[in-house]
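Reminder, nothing fancy here: chain letters follow the sequence lines and each chain counts from 1.
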Amino acid sequence: MELSVSDLAVSLGNRRVLSHVTAAFQPGRVTAILGANGSGKSTLVKTLAGLLDADAGHVKLGTRHIARIEPRERARLIGYLPQDPIVHWNLAVRDLVALGRLPHRSPFAGASQDDAMAIGAALAATDTHALADRGADQLSGGERARVLLARVLAGEPQWLLADEPLASLDPVHQLGLLDQLRALAATGMGVVIVLHDLIQAARAADDVLLLKAGEVVAFGPASQALAHQPLRDAFGVEVMIVPDEQGRLLPVPIGRTR
Amino acid sequence: MNRPLLLILLTALVALLFAGSLVAGKIWVPPSVWFTGDPRWWIVAELRLPRAILGLAIGAALGLTGAVLQGYLRNPLADPAVVGVSSSAALGAVAAIVVFAANAPLVIFGAAMLAACGSMLLLAGLAWRADSQVAFILAGTVLASLAGALTAFLISIAPNPFATAEIIDWIMGALTDRSFAEVQLASPFIAIGCALLLFTGRALDALTLGEAAARSLGVRLARTQLLIVLGAGLAVGASVAVTGVVGFVGLIVPHLLRPLTGAKPSALLLPSALGGAVLVLAADSLVRLGPGAAEIRLGVAMALLGTPFFFLLLLKMRRSAWS
């Protein structure tokens, strides 16, 4: 099911953060949202996840308005990975990943066979099986990122919305996580991620949405959106387009636009 | 620790201490004379039984509320005092004593519950739709300060030294001389409050990941907040209304049990209710055993016993963090 926004406007307090945003995100593809700091990327992802109300316009999953979907059902359809990898208590990794099953469980119900299988699959997909009995406090940054991704995957959502999942990861783990997101999209899941790095976006994303001051500068296939003019408009930077070994065109920032 | 085993152990401990609470006191009443014509049996039936029931109920209420609030606020320092309900209930009781010169348990209870419910509604109103723990803590702290100031004001205008003595005596918290009248008054509110609080487990677990992630997992934070405000208001309000202020239980019990239950907030709720009952029953039995005719006040004893114990615990935690 397509996840779409139409003429969306969102405010935080009295400040208008997003205006006239229109875009349709496709399942089975990785869409990267990019933009300068404060351009409204996180706000857009939270609104897509149904966590913020729109002032105007709407967010739809297929033909249904996201605001009218009951929160638990919405949680089963859309998995959201927040920007800060917070874990407030020192939960064991297995319990942490099991939190992803909450929308599937009725109050006071214990874990079902389905829950156990989904948790096992999520641990396997993120290669975190070996960490299952460790406490969250004993994880490195990379391990924690993988475990929190496993938490979202355990919910078996149709959409995965991740806000800056690469922040605080070293290059190896960044590449690993991006490969994982691509693999998930290949299974038919819709993946929307907020990124900062133009090169990572060019490598991992099928589509790119560029935001500037809350408005869409460009939205389309990565090769078109990550071109000279849109990047000049969105970031005020000049880029050199360099092909990588697989022929993908990578935009390397080389200076500010004069 | 294995959860069923922990629950069985705690339940057994509650049963043991409940029986101990009927036996222990200035006059020991062994089980052999229970249900007989022995005059000592009436001490159990009329004085110690209601006292033990109340000890169990308020211990459970305070322990459970502490565990819920620590989970909700994601702060191991939270306790029922944070939401200001204890101070508000105390204010209600003090107002009844000073303004209406009341000394009937029903009037004092009614005033305390009224104040607890009023503060609860105010808290819900102040923090409503903020969906945020910061608004909740601020609103609770402001209410607690206001109630504290008004209580101090009422004490200062108390009409005579007897009223002042009665207020201070009441505020210190005790289970002494409580009857079945108080049990009947408080237990329904405590039971309903605890039941509401037990419904928060899933939301508390989800909040481990922060508010945004919890909402993305389908948790309605406003509803969770309402459950907590109502549950804590009823359970703690009714507890304070019959015993005065008994601190420390809500803070210390979840701390003691967390190493045994694991860190998952929902796993801590039922054990904390049982653990609270264990602590209050034990402390209330101990205060009766002191020398002299008078008893140490339960609230005072709890702080006196609890503080060094808590410091030891802190020291142990720091040592394990260092090693």
What is the distance from atom CG of A:L51 to atom CD of B:E211, rounded to the nearest 0.5 Å?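 CD of B:E211 is found 11.5 Å from CG of A:L51.
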With rounding to the nearest 0.5 angstrom, report the OG to CZ distance, B:S216 to A:R74.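 Output value for this atom pair is 7.5 Å.
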Select one option (side chain, backbone, both, neither) describing which atoms of [X] are under 4.5 Å from chain B's heavy atoms.
X      : answer
A:Q83  : neither
A:L148 : side chain
A:R151 : side chain
A:P103 : both

If I measure from the heavy atoms of chain A, does B:P76 come under 4.5 Å with its side chain, its backbone, both, or neither? both
Against chain A, label B:R220 side chain, backbone, both or neither, depending on which of its atoms sit under 4.5 Å from a heavy atom there.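 Just its side chain gets close to chain A.
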Candidate pair A:W89 and B:K264, rule side-chain contact (heavy atoms from CB on, under 4.5 Å), full reasoning: CA-CA 7 Å; A:W89 301 105; B:K264 200 162 87 166; over 6 Å; no
Please name the pair of heavy atoms, one in A:L99 and one in B:L217, separated by the smallest distance, quoted to 0.1 Å.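 Minimum heavy-atom separation between A:L99 and B:L217: O-CD2, 3.6 Å.
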More than 12 heavy atoms from other groups under 6.0 Å of CZ on B:F199: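 Incorrect, the count does not exceed 12.
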Got a sec: does the CD of A:E70 have more than 12 other heavy atoms crowding it under 6.0 Å? yes
Evaluate A:L96 against B:L209 for side-chain contact (heavy atoms from CB on, under 4.5 Å), listing each step before the verdict. CA-CA 9 Å; A:L96 197 53; B:L209 299 165; 3.8 Å; yes
